[in-house]
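Written below as structure tokens is the structure these notes are about.
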Amino acid sequence: MTTKEAWQLHDNAPELYERYLVPTLFTPWAHDLLAAAALQPGERVLDVACGTGSVTRLIGPRIGPEGHLTALDLNAEMLKAAQTYVKPTAPPIRWLHADVVEMPVADGDVDVVLCQQSFQFFPDKLGALQEMRRVLAPAGRLVFNISRGLPHNPYIRALADGLERHVGVEAGESMRAPCGCGDAEMLRSLCQQSGFRTVRIRISNLTIRHSDPAEFIRGQLAATPVAEQVAALDAERRDALVDEILTSLRCYIDDDGLAAPYETHIVLARVH
């Protein structure tokens with residue numbers, strides 16, 4: 001992300017992000033991403049836009065003590081939180097507070113670049129891909145996951161529609177942003193323009209599972225950039241917002257709670 005990027009989290013958002021989003025969304029996505037990456041012992045890995053470290057914390061055992069691990073994020077609070085949540089590993093983690101389009105990493109210094117659910121928020125997507133291509137070794141690979149469009153993700157659509165009606169158009173658009181870059185051929189074209197020779201894109205279908213849908217919805221809203229706007233609503237309006245979202249998702253709620261489908265693209269781009 002760049003300093004102009006609006007999708008930033010403040011105050012206690014990293015704590016809420018870790019409590020609600022990491023176990024329900026980001027950990028399942030991380031396992032899916034790492035399965036596609038097929039990391040090998042001794043590899044040099046860069047986790048771009050690492051957030052609170054949902055991917056970072058799973059890399060060490062895969063590359064072993066002979067590997068090298070770097071985690072980078074623009075958001076200083078998220079990076080600080082990651083260093084708290086991620087237990088010491090072998091190899092040790094090098095933490096970088098930096099912009100993805102200006103990474104303090106040498107040319108060809110890593111074997112694998114990973115990026116989980118962040119590419120859609122980079123204002124300069126081509127520049128970000130070119131920079132990730134720059135730091136990769138000649139046989140390197142980039143692996144990232146990214147949400148498919150709203151027609152494939154009813155949970156995000158329900159949140160966005162509810163926010164638009166109860167908070168405003170801008171809040172609704174902010175919540176739709178995670179699904180705003182879901183065109184596979186556009187992603188393929190951007191990767192090819194950035195110098196990647198081979199690009200493979202796979203659709204991955206996961207399920208958002210939470211035993212208390214209302215609690216999860218409140219937690220997610222509090223952990224995202226719309227938190228202050230939602231908090232500014234009176235209690236009755238906040239309850240109405242959550243109730244409307246729950247009503248929209250009623251066909252994805254069973255006896256065990258929320259079971260909403262969520263589709264992503266996993267992109268594997270190789271330098272050669």
Side-chain angles (χ1 to χ4, degrees), residues 5-30 32 51-52 54 75 77-78 81 116-118 120-121 145-182 203-265:
E5 175 53 56
W7 193 266
Q8 294 288 304
L9 306 180
H10 307 282
D11 302 325
N12 65 335
E15 177 184 345
L16 294 169
Y17 183 99
E18 181 71 20
R19 178 180 176 184
Y20 290 101
L21 303 189
V22 168
T24 306
L25 297 176
F26 288 99
T27 296
W29 283 336
D32 200 40
T52 61
S54 56
N75 189 309
E77 290 303 311
M78 295 292 273
Q116 169 147 288
Q117 291 292 345
S118 295
Q120 57 266 59
F121 304 121
N145 56 14
I146 183 169
S147 302
R148 297 190 75 202
L150 283 173
H152 304 284
N153 287 305
Y155 174 75
I156 294 296
R157 186 170 67 244
L159 262 64
D161 290 348
L163 284 166
E164 184 169 306
R165 280 189 284 272
H166 290 269
V167 179
V169 173
E170 185 176 343
E173 287 305 306
S174 176
M175 186 54 66
R176 292 185 183 98
C179 296
C181 194
I203 295 171
S204 183
N205 299 285
L206 300 175
T207 301
I208 303 173
R209 269 286 183 191
H210 198 281
S211 60
D212 188 333
E215 180 190 3
F216 178 61
I217 290 166
R218 292 189 183 96
Q220 176 160 14
L221 294 176
T224 60
V226 299
E228 291 183 5
Q229 294 166 280
V230 173
L233 301 174
D234 60 45
E236 183 177 350
R237 194 67 179 271
R238 286 197 300 273
D239 288 344
L241 167 61
V242 174
D243 288 344
E244 180 174 322
I245 294 170
L246 287 171
T247 298
S248 298
L249 293 170
R250 62 184 178 276
C251 63
Y252 300 113
I253 296 175
D254 60 19
D255 291 345
D256 293 326
L258 181 67
Y262 202 112
E263 294 190 16
T264 69
H265 282 129

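Between I146 and C181, the closest heavy-atom pair is CD1-O, 3.5 Å. Heavy-atom minimum distance, P151 versus R157: CA-NH1, 3.7 Å. Of all non-hydrogen atoms in P213 and L246, the two that sit nearest each other are CB-CD2, 3.6 Å. A pairwise comparison of heavy atoms in S147 and C179 identifies CB-SG, 3.9 Å as the closest pair. Taking all atoms of both residues into account, the shortest heavy-atom contact from V226 to A171 is CG1-O, 3.9 Å. Minimum heavy-atom separation, R176 to D161: NH2-OD1, 2.9 Å.
Proximity of a side-chain donor or acceptor of N75 to a complementary backbone N or O of G51 within less than 3.5 Å is not detected. In terms of modelled atom types and a separation under 3.5 Å, the side chain of N153 and the main chain of E263 share a donor-acceptor contact. Q116 contributes a side-chain N or O that, together with a main-chain N or O of F26, makes up a donor-acceptor pair within less than 3.5 Å. A donor-acceptor contact shorter than 3.5 Å is absent between the side chain of S54 and the backbone of T27. Between the Q120 side chain and the G180 main chain, no donor and acceptor come within less than 3.5 Å of each other.
Distance check: I245 CD1 to M175 CE gives 8.0 Å after rounding to the nearest 0.5 Å.
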May I have the step-by-step check of side chain to side chain contact (heavy atoms under 4.5 Å, CB included) for E244 and T247, ending in yes or no?
-> CA-CA 5 Å; E244 180 174 322; T247 298; 5.6 Å; no
Evaluate the criterion side chain to side chain contact (heavy atoms under 4.5 Å, CB included) for residue pair T264 and Q117; output intermediate values, then yes/no.
-> CA-CA 9 Å; T264 69; Q117 291 292 345; 3.4 Å; yes
Intermediate values then yes/no, side chain to side chain contact (heavy atoms under 4.5 Å, CB included), I203 and H265 = CA-CA 5 Å; I203 295 171; H265 282 129; 3.8 Å; yes
Before giving the answer on side chain to side chain contact (heavy atoms under 4.5 Å, CB included), spell out for L221 and L241 the whole-Å C-alpha distance, their side-chain angles and the decisive distance to 0.1 Å.
-> CA-CA 11 Å; L221 294 176; L241 167 61; 4.0 Å; yes
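A donor atom on one side chain and an acceptor atom on the other are found under 3.5 Å apart for D32 and S204.
Counting heavy atoms from C-beta on, the side chains of I156 and Y262 come closer than 4.5 Å. Using a 4.5 Å cut-off on side-chain heavy atoms (C-beta onward), R218 and D239 make contact. Counting heavy atoms from C-beta outward, D254 and R209 have side chains that approach closer than 4.5 Å.
Annotation: ring pair (Phe, Tyr, Trp, His ring centres under 6.0 Å) contacts involving residues 204-240, sequence neighbours excluded, comprise Y155-F216, H210-F216.
E18 meets the side chain to side chain donor-acceptor pair (under 3.5 Å) test with T52, R57; sequence neighbours excluded.
The environment of CD in E170 is sparse: at most 12 heavy-atom neighbours from other residues, nucleotides or ligands sit within 6.0 Å.
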